[in-house]
Amino acid sequence: MNKFSNILPKWEMSDSKWTIEMLLGMEKNPFKFSLQSRDLDILQFLLEHRFLTTHQISILLFPDGIHGLRSTQRRMKTLYNVGLVMKVRPRDGDPGSKPNIFGLTHLGKDLLIRSSRVHSDEAAAVFYSLEENIIEFSYMLHDLHLNEFCLEIFKEANNRKLSFEWLPTKLCRQHVKLPNGKYRVVEPDAIFIFTTDQGQKVLHVEYERSADPRRFREKITRWKLYRRQQTWKEKYDTEPFICVVGDRESWETGGRKRRVVRSIDPLRKIAYGEAFNKIAFLPVDEVEDQTWNCLPYPDNSLSLWDQLEL
């Protein structure tokens, strides 16, 4: 996975004069640009998954090796110049350039709505709101690494010739009722729905960058209620299987109030202690090596795909 610095400049946006009417061919324009269906695909992926690098967009929509990457670079430059996307390039003291990270502009969002790709309410629910051009880098980093993992799922599912959907998490949030009458949100980081001859298989992904045991216990509490109240039936045909993705080795960072352990192994032990099933703990290095073997739970190390029976 790409390694990014915590030093990040502001978003870059072009001073394009394009309008929705020009883009949809309803009004003449003096510029040489023709909107393509794949452009709308790019914009929709950015709307739904917020931040993508050039390489990630290439995997999704230009899958032709180095030629596809170059085509992606050219097209993203065009979409930036037109004003449909914004970009940022992390910088630090390490040698070599960092990849551009792209986000969707308001013009890009409005184009998706006007071209009937998405409903306005749906767009409002998932659109990344830019305030004062400031980026919370930890938030962006989480989404970039999450999307990197999802693209590995995307590639492996295609290799296995599986039929699937990768859904935007903001449109899949659900609520559970606590014993005190209050409601809490259940919102996985990513959702994949696989369609098989045996029916639907639903995968909820939780990407744990910090792997905070306290926060994970709170998630387990919500997940238990989610299953007990069968809230999943509001959206899915079958109960979702949960995959927790993160680092294998323990690594700690000091703090005045708490210590954060990045390894997902302590989280596995929490889930096991709670007798929580239909869950797998997948180290990132197993994904990078294409082995997909999960941590023993409680005494096996089946691959994610075997556990999903795909």
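Every value quoted in this text rests on a predicted model; they were computed, and no experiment measured them. In what follows, residues are counted from 1 in the order of the sequence shown.
Using a 30° and 60° split on the angle between ring planes, W166 and F45 fall in the tilted class, from 30° to 60°. Classification of the F164-F194 ring pair by plane angle, with boundaries at 30° and 60°, yields tilted.
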Pair T238, K233 - check side-chain contact (heavy atoms from CB on, under 4.5 Å), show working.
CA-CA 7 Å; T238 186; K233 288 186 176 181; over 6 Å; no

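P283 and N293 get closest at one heavy-atom pair: CD-O, 3.7 Å. Of all heavy-atom pairs spanning D189 and T169, the tightest one is O-CB, 3.6 Å. Closest non-hydrogen pair, K177 versus L225, comes out as O-CD1, 3.9 Å. Taking all atoms of both residues into account, the shortest heavy-atom contact from E152 to Q290 is OE1-NE2, 3.0 Å. The two residues F281 and I279 come nearest to each other via the heavy atoms CZ-CD1, 3.7 Å. The two atoms that bring C294 and L282 nearest to each other are SG-CD1, 4.1 Å, heavy atoms only.
The side-chain contact (heavy atoms from CB on, under 4.5 Å) test applied to H204 returns P188, I191, V202, Y226, Y236, P240, I242, not counting sequence neighbours. Legend: residues meeting salt bridge (Lys or Arg N to Asp or Glu O under 4.0 Å) with D285, ordered by chain and number and at least two apart, are R248. For K170, the salt bridge (Lys or Arg N to Asp or Glu O under 4.0 Å) criterion is met by E187, not counting sequence neighbours. Remark: E309 pairs with K201 by the salt bridge (Lys or Arg N to Asp or Glu O under 4.0 Å) rule, at least two apart or across chains. Partners of R38 according to the salt bridge (Lys or Arg N to Asp or Glu O under 4.0 Å) rule, which considers only residues two or more places apart in sequence or in another chain, do not exist here. With sequence neighbours excluded, the residues that form a side-chain hydrogen bond (donor to acceptor under 3.5 Å, both in side chains) with Q44 are E48, R117.
Distance alone, capped at 3.5 Å, is enough to place a donor-acceptor pair between the Q56 side chain and the L144 backbone. A distance-only check finds a donor-acceptor pair linking the side chain of T221 to the backbone of R217 [under 3.5 Å]. Panel note: side chain D39, backbone L35; no donor-acceptor pair is recorded below 3.5 Å. Proximity of a side-chain donor or acceptor of S14 to a complementary backbone N or O of V82 within less than 3.5 Å is not detected. A donor-acceptor contact shorter than 3.5 Å is absent between the side chain of D247 and the backbone of V284. Using a distance-only test at 3.5 Å, with no hydrogens or angles considered, a donor-acceptor pair links the side chain of Q174 to the main chain of T231. Proximity of a side-chain donor or acceptor of S163 to a complementary backbone N or O of T195 within less than 3.5 Å is not detected. In terms of modelled atom types and a separation under 3.5 Å, the side chain of R89 and the main chain of I101 share no donor-acceptor contact. In this structure a side-chain-to-backbone donor-acceptor pair under 3.5 Å is present from S115 to L111.
Remark: D197 CG is loosely packed, at most 12 non-hydrogen atoms of other residues, nucleotides or ligands lying under 6.0 Å away. The environment of NZ in K17 is sparse: at most 12 heavy-atom neighbours from other residues, nucleotides or ligands sit within 6.0 Å. Annotation: K155, atom NZ; neighbour count of heavy atoms from other residues, nucleotides and ligands within 6.0 Å is above 12.
For F102 and Y80, the distance between ring centers is not under 6.0 angstrom.
With hydrogens and angles left out, the side-chain atoms of N81 and T78 include no donor and acceptor closer than 3.5 Å.
Contact check on D110 versus R114 returns no salt bridge, with no Lys/Arg side-chain nitrogen under 4.0 Å from an Asp/Glu carboxylate oxygen. Between R214 and E218 a salt bridge is recorded (basic side-chain N to carboxylate O distance below 4.0 Å).
Judged by the 6.0 Å distance and 45° axis criteria, R227 is positioned over the aromatic ring of F276.
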